[in-house]
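The block underneath contains the structure these notes are about, expressed in structure tokens.
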Amino acid sequence: MKNRKTFLKASLYFLFVVIGVFFLFPVVWTISLSFKTMPEMYRFPPKLFPGSFYLENYNFVINQYNILAGVKNSFFITVIVVVGTLLVTIPAAYAFSRIQFKFSKVLQFSILLFQMISPIVMLIPLYRYFSRIGLLNSYTGMILIYIAVSLPFQVWFIKGFLDTIPIQLDEAATIDGCNRIQVVTKILLPVITPGIFSASLLIFIRSWSEFVIPYVLINSPNKMPVSVSLVNLQSSLTSITTQFLAAGSVVAIAPTVILFVILQRYVVSAMTAGAVKG
Amino acid sequence: MQSNAIARPGKDYLNSLVKGPILWLLPLVVVLVCFYLYPVLDVIRYSFTNAKMTTNDFSYTLRSYATVLTSQAFYQGLWRTFIFVGISVVFQFLLGFMIAYAVEHGERLAMRGTLVTRTIALISWAIPGVVIGVIWKIMLEESPSGIFNYILSLFGVPLTDFLSNPNNAIISVSVANVWRGTAQSMILLYAGLKTISYDVIEASLIDGANFWRRLWNIILPSIRSVITVNVLLNIINTFNTFDMVMSLTGGGPGRSTEVLVLGVYNRIFTQYDLGRGSATAVILLVINIIIALFYIRLTTKEEGK
């Protein structure tokens, strides 16, 4: 029995290493490349680590290409989308969780249906409306689309959190003279703060990654989020300058990856909560 | 408080409005109608026209559907999408399950490194799809110093054209997508595995059931619904993938990796053929809805239990 356990542990460790290499290697390789000089990049056989911390690639993407403008735009868009999505989602999730009405279920499932529709389908007419009313290349309309695509999942997600709170809490507050708005703001919101936090994280990462919406709607370089900015960098470079692209990629993923690694506990619990419900 | 309410009927009305669902759902419904429902209906309308992106006049016709449904290019695109989805979903599931099982088991044995492994396995989830495309393009570099070619050469594999050969390109895109989507698979299956009570597994250990029997008779049946949900979500996510393919191959070489979504984009935004593009988009929409209905049926069945 003891032998068996040692064997089991050894094989699990082996598996851990394989998993670790498979998922980490592409990221490590990109980071390594971002510090390499051009001769180093074309060296054969390739070396896993660069000879020195060569910063010229970062200098190029930051000072010449100005990728940080994209990062700044992404932050701006993402923060508004997080706040906007929560403002729309929380009341709706409350209604689905606490108010009984006809068509509640039907409505909830039609929302689920929306979640499955590829954004490119809606973007076709939206592009035309926006060009007609002069909203192309502006954040105003685009942010609303970002919010729209993150709504369906979030309504279900936050409703899931509200469902775990006993309704007696609401009832007690109502007896104390609270109306529904007060029940939400004074009683429920403080209780589901961890849920709201996880929801914000998920919205943040999703919006940061969003590509097709800004790719279709934004064409001025100084308004692009970092995802589109990186694709433009890619198309402006040739293969001999791949190290610039690697540096750009590192800049583009650093915010979400760091956020994820620090807060992974919340993300995992958020995602598993969604999974068990789903 | 009460006398106040009687004195001001406006406030009374507001109170009753707050009691019902309408006020709470209004923002959601407005956003969804403006940015989902109306545009979707409009795409359906466009699909029955010969409209172009460049002009505003058009007439209604069924020609767009006729052209799409009789063109070989459409079926080739559909076929490529199926290959892409098929490879992705199978391997995302297998890998995701393996990792979920290893991590969950490691946790039970309180092994060190479990949390680190779990975090690493999920990193791809926090990386934007376009960046994943860029990273894989770097790794699949076709010169001898390209890292994949170098590693394979250590095993005696000759220099491979991962992205410039049409047959290899669709496989490369699928592999990159497996790397991308395994995280979501893993986390769902991991959550599922955590719900299995350990007593059941322990009992089978005492009965002397081997690993494969335990897997087949106990573990997989217990998480059957999670598996189905997972597979359906992976199908829909892969089906709608645009970002990663765009930066990895741009649909090329030729049209060898132009999956359906990319085809819609190209038809409309580079060829300006709104009618045909919309007809393809509606077909895409129908496929999306069919998968969604499966998903909804499953979810309601589970809730009914």
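Here is the naming used below: chain letters follow the sequence lines, and residue numbers restart at 1 for every chain.
Of the inter-residue distances, the one linking B:L293 atom CG with A:L113 atom CG reads 6.0 Å to the nearest 0.5 angstrom. Note: A:W29 CH2 to B:I138 CD1 = 10.0 Å, rounded to the nearest 0.5 Å. In this structure, A:M122 CE and B:L285 CG are separated by 10.5 Å, a value rounded to the nearest 0.5 Å. The structure places OG of B:S124 at 10.5 Å from CD1 of A:I253, a figure rounded to the nearest 0.5 Å. To the nearest 0.5 angstrom, B:Y265 atom OH is 11.5 Å from A:I124 atom CD1. From B:C34, atom SG reaches atom CG of A:L144 across 8.5 Å, with rounding to the nearest 0.5 Å.
Residue with the most contacts toward chain B among A:I90, A:V216, A:L33, A:L259: A:V216 (heavy-atom pairs, distance under 4.5 Å). In terms of heavy-atom pairs under 4.5 Å with chain A, the best-connected choice from B:L274, B:L26, B:V264 is B:L274. Between chain B and the options A:F260, A:F25, A:F16, A:F211, the largest number of non-hydrogen pairs under 4.5 Å is found for A:F16. When the candidates B:Y36, B:F35, B:F242 are compared by the number of heavy-atom contacts under 4.5 Å with chain A, B:Y36 comes out ahead. Top candidate by heavy-atom pairs under 4.5 Å with chain B, chosen from A:L15, A:I19, A:V231, is A:I19. Chosen from A:T89, A:L126, A:N179, the residue pairing most often with chain B at heavy-atom distances under 4.5 Å is A:L126. The candidate from B:P39, B:G113, B:G277, B:G250 with the greatest count of non-hydrogen atom pairs under 4.5 Å with chain A is B:P39. The choice from B:L109, B:L284, B:V40 that makes the most heavy-atom pairs within less than 4.5 Å of chain A is B:L109. For the set B:M139, B:M111, B:K194, B:R118, the entry with the most heavy-atom pairs within less than 4.5 Å of chain A is B:M111. Looking only at heavy-atom pairs under 4.5 Å with chain B, the residue among A:V149, A:V17, A:L87 that has the most is A:V149. The choice from A:S11, A:P45, A:P119 that makes the most heavy-atom pairs within less than 4.5 Å of chain B is A:P45. The greatest number of non-hydrogen atom pairs below 4.5 Å with chain A, out of B:M98, B:R112, B:K137, is found for B:R112.
The side-chain heavy atoms of A:F23 and B:L122, taken from C-beta on, include no pair separated by under 4.5 Å.
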Assess the residue pair B:H105 and A:L8 against the criterion (side chain to side chain contact (heavy atoms under 4.5 Å, CB included)); give the C-alpha distance rounded to whole Å, side-chain angles, the decisive distance to 0.1 Å, and a yes or no.
CA-CA 10 Å; B:H105 225 75; A:L8 184 69; 3.7 Å; yes
Stepwise side chain to side chain contact (heavy atoms under 4.5 Å, CB included) test for B:L25 and A:F101
CA-CA 12 Å; B:L25 293 174; A:F101 59 98; 3.5 Å; yes
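Heavy atoms only, all atoms of each residue included: A:M116 and B:N240 are closest at O-ND2, 3.2 Å. For the pair A:S227 and B:V130, the tightest heavy-atom approach, listed with the atom from each and the gap, is CB-CG2, 3.6 Å.
Relative orientation of the B:Y38 and A:Y129 rings is tilted, given thresholds of 30° and 60° on the angle between their planes.
Side-chain polar atoms of B:D243 and A:Y215 form no donor-acceptor pair below 3.5 angstrom.
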